[in-house]
Amino acid sequence: MSRWEYFAKRLLLTIPVLFSVLTFLFIMLRAGPIDPVAARLGPQAGAADREAIRERLGLNDPLWEQYVDFITDFLTFNFGQSWVVQAERDILDIAVSAAPATLWLGAWAILLPLFIGIPLGFYAGLNPNTLGDYTASLGGIVWQALPNFWLSVMALALLRRTREGGELLGINWYTLGPDFAARDISITGTPRLEWFSTTDVLMLPVPYISDWTALAIDIKLILPPALILGSASMAAELRIGRTAMLETVNSKFVETAKAKGLSNRVIVWKHIFRNALIPLLPVITSEAFLLIGGSVIVEQIFNINGLGRIFFQSLTQGDLPMAGALLFIFTVIILGLNILQDFLYTVIDPRVGYDQ
C-alpha cells in the first residue's frame, strides 16, 4: 500500500465516524433525559401548546423519518433556531458570529506552545542532564499539573491586582503596551477583531491589518487565556520533544552523518529535527481536542463570547438544538484535524503506508 493509498483509506474512515456521532446526537436529543417540549415551553404549558410544538418540531413523525431529516439537516448545516440562549435566532448565525473569538483564542493557544514548548523540549534533549534540562523538565511537569480553571482564577487575581499598584514582577499589566487603564478597558472580554479588513486584488479578497492599535489590544486581551488554555499542550510538547530528540540524537543515521563529516548545524536541522517532529505530530494536532474542551471553561472565566461559552450556556439552560449543533461542529473540526494529521504523516514520514 502506497502512502497516498493509506491516506485515502484514512480519509474514507472518517465517514462512518461522522455518521456514528450524528446517530449518537439523534438518540440523545430524542431519547435523552431532557424533554424537548418541556425545554421549549416550560413545565406549565398546556396540552394544546405542547401538541402544537411537537407538530412543529416534527416529533409526531415516524422515528425513521425524524432520523433522515435530522441527518440531512445537520449535513447541510441547517441546525434550526436556538430555544433559550438566543431564542428564535438561527443557530448557524450564532455560531458564525461567535467563531472568530474562539478561533482567535485557539490560534494563540496553539502558537504559544509551539514556540515555547517545542524549542524548550529540543533544547533539553540536545543538552541532557544540564541545569537547563532539569529546569525545563521540572517546569513542564509543574505547569501540566495545574488545572486550567485554577490557573484562570489565579491569573485574573494577579493581573487585576496590578491595577491597584501591586505590580507583578515589576510589570503593570494594565499599562503594559496598550494602556487599558487609560482606555477604561477590562482585562477580560471578547476581542473585537476590528483591525481585520480585506481588499480586492485581481477580484480576490486579500486580508490586511487596518488598525495596528486594535490588533495590539486584541493580542493583549487574548494572551492570558491563550497561555492558560495551551499550558497542558506546552508541557506535553516539552516532554515529548525532549524524549524524541534524545532518541533521534542517539540513532545510527546520526552517527553516520557525523562520520561523513557533516556540520552539527546540518545534522540538527536536516536530520534530527525532521525525525524528532514525527512523534510530536499527534500531540500538536490533538491540541484541538484539549482546546475545544478547555475553551468552555476558559471562555466562561475570561468572559469571552465564543463557541465554548455558548456551548456551556446551552448545556446549563437546556438548549438542545444549540448544544447538538455545536457538538457536531466540534466533531467536524476534530475529524478535519485528524485528516490533517494523517496528511502531515504522509508527507513527513516516507514509511507511512507500508506494512499497515
(message) Applying a strict under-4.5 Å side-chain criterion to I, L, V, M, F, W and Y, I'd like to know whether V68 and F70 cluster together.
(response) no
(message) Taking I228 as the starting point, is it possible to reach L146 by hopping between hydrophobic residues whose side chains are less than 4.5 Å apart?
(response) yes
(request) Decide yes or no for Q313 and D319: does some side-chain heavy atom of the first lie under 4.5 Å from some side-chain heavy atom of the second? (result) no
(message) Checking the side chain of T135 only, and the main-chain atoms of G132 only, is there a donor and an acceptor separated by less than 3.5 Å?
(response) no
(request) List the steps, then state whether side-chain contact (heavy atoms from CB on, under 4.5 Å) holds for Y174 with I185. (result) CA-CA 9 Å; Y174 281 85; I185 299 176; over 6 Å; no
(message) Are more than 12 heavy atoms, taken from residues, nucleotides or ligands other than L12, located less than 6.0 Å from that residue's CG atom?
(response) yes
(request) Quick one: pull up CZ in F149 and CD1 in I301 and give me the separation to the nearest 0.5 Å. (result) 8.5 Å
(request) Output the distance between atom CG (L238) and atom CG (L120), rounded to the nearest 0.5 Å. (result) 5.5 Å
(message) If hydrophobic clusters are built from ILVMFWY residues whose side chains come within less than 4.5 Å, do Y123 and L246 share one?
(response) no
(request) Can you measure from CD1 (I240) to CE (M245) and round to the nearest 0.5 angstrom? (result) 13.5 Å
(request) Can you measure from CG (L335) to CG (L13) and round to the nearest 0.5 angstrom? (result) 11.0 Å
(message) Within the structure provided, determine whether L215 and W212 are in side-chain contact (heavy-atom separation under 4.5 Å).
(response) yes
(message) Contact between L75 and L22 at the side-chain level, heavy atoms closer than 4.5 Å - yes or no?
(response) yes
(message) Under a 3.5 Å distance rule, please check whether D211 uses its side chain to pair with a backbone N or O of A214 as donor and acceptor.
(response) yes
(request) Before giving the answer on side-chain contact (heavy atoms from CB on, under 4.5 Å), spell out for I217 and R183 the whole-Å C-alpha distance, their side-chain angles and the decisive distance to 0.1 Å. (result) CA-CA 10 Å; I217 291 174; R183 291 182 170 88; 3.9 Å; yes
(message) Counting only heavy atoms from other residues, nucleotides and ligands, does the tally under 6.0 Å from CZ of R192 exceed 12?
(response) no
(request) For I91 and F79, work out which heavy atoms get closest and say how close. (result) CD1-O, 3.5 Å
(request) Could you tell me which non-hydrogen atom of T102 sits nearest to which non-hydrogen atom of G308, and how far apart they are? (result) OG1-N, 4.1 Å
(request) Can you measure from CG (L223) to CG (L112) and round to the nearest 0.5 angstrom? (result) 6.5 Å
(message) Determine whether a donor-acceptor pair (N or O, by modelled atom type, separation under 3.5 Å) exists between the side chain of K220 and the backbone of G177.
(response) no
(message) For a side-chain contact (heavy atoms from CB on, under 4.5 Å) check, start with the C-alpha distance between L138 and Y134, then their side-chain angles and the critical distance, and finish with the verdict.
(response) CA-CA 6 Å; L138 179 62; Y134 294 143; over 6 Å; no
(request) I would like to know whether Q86 and S97 meet side-chain contact (heavy atoms from CB on, under 4.5 Å); could you show each step before the answer? (result) CA-CA 12 Å; Q86 297 184 33; S97 63; 5.7 Å; no
(request) Measure across F196 and S210 and return the closest heavy-atom pair with its distance rounded to 0.1 Å. (result) N-OG, 4.4 Å
(request) Decide yes or no for F302 and L221: does some side-chain heavy atom of the first lie under 4.5 Å from some side-chain heavy atom of the second? (result) no
(request) Of all the heavy-atom pairs spanning L193 and A101, show the shortest one and how long it is. (result) CD1-N, 4.4 Å
(message) With a 4.5 Å cut-off on side-chain heavy atoms, are W173 and L158 touching?
(response) no
(message) Please say yes or no: joined through hydrophobic side-chain contacts below 4.5 Å, possibly via intermediate residues, are L307 and L103 part of one cluster?
(response) no
(message) Ignoring hydrogens and geometry beyond distance, is a side-chain donor-acceptor pair present between D133 and S137 at under 3.5 Å?
(response) yes
(message) Quick check: do R160 and S186 have side-chain heavy atoms less than 4.5 Å from each other?
(response) yes
(message) Do D218 and W104 pair up side chain to side chain, a donor and an acceptor below 3.5 Å, judged on atom types alone?
(response) no
(request) Measure the spacing between CG of L327 and OG of S314 and express it to the nearest 0.5 Å. (result) 9.5 Å
(message) Is any side-chain heavy atom of I304 closer than 4.5 Å to one of I222?
(response) yes
(message) Give me the atom names and distance for the closest heavy-atom approach of A95 to I329.
(response) CB-CD1, 4.0 Å
(request) Please examine the side chains of I94 and V85, heavy atoms only from C-beta on, and report whether any two atoms are closer than 4.5 Å. (result) no
(message) Donor-acceptor pair, distance only, cut-off 3.5 Å: does the side chain of S82 make one with the backbone of M322?
(response) no
(message) Minimum heavy-atom separation for F311 and A323, please, with both atom names.
(response) CE1-O, 3.5 Å
(request) Give the cluster check for I209 versus W108: same hydrophobic cluster or not, with ILVMFWY residues linked at side-chain heavy-atom distances below 4.5 Å. (result) yes
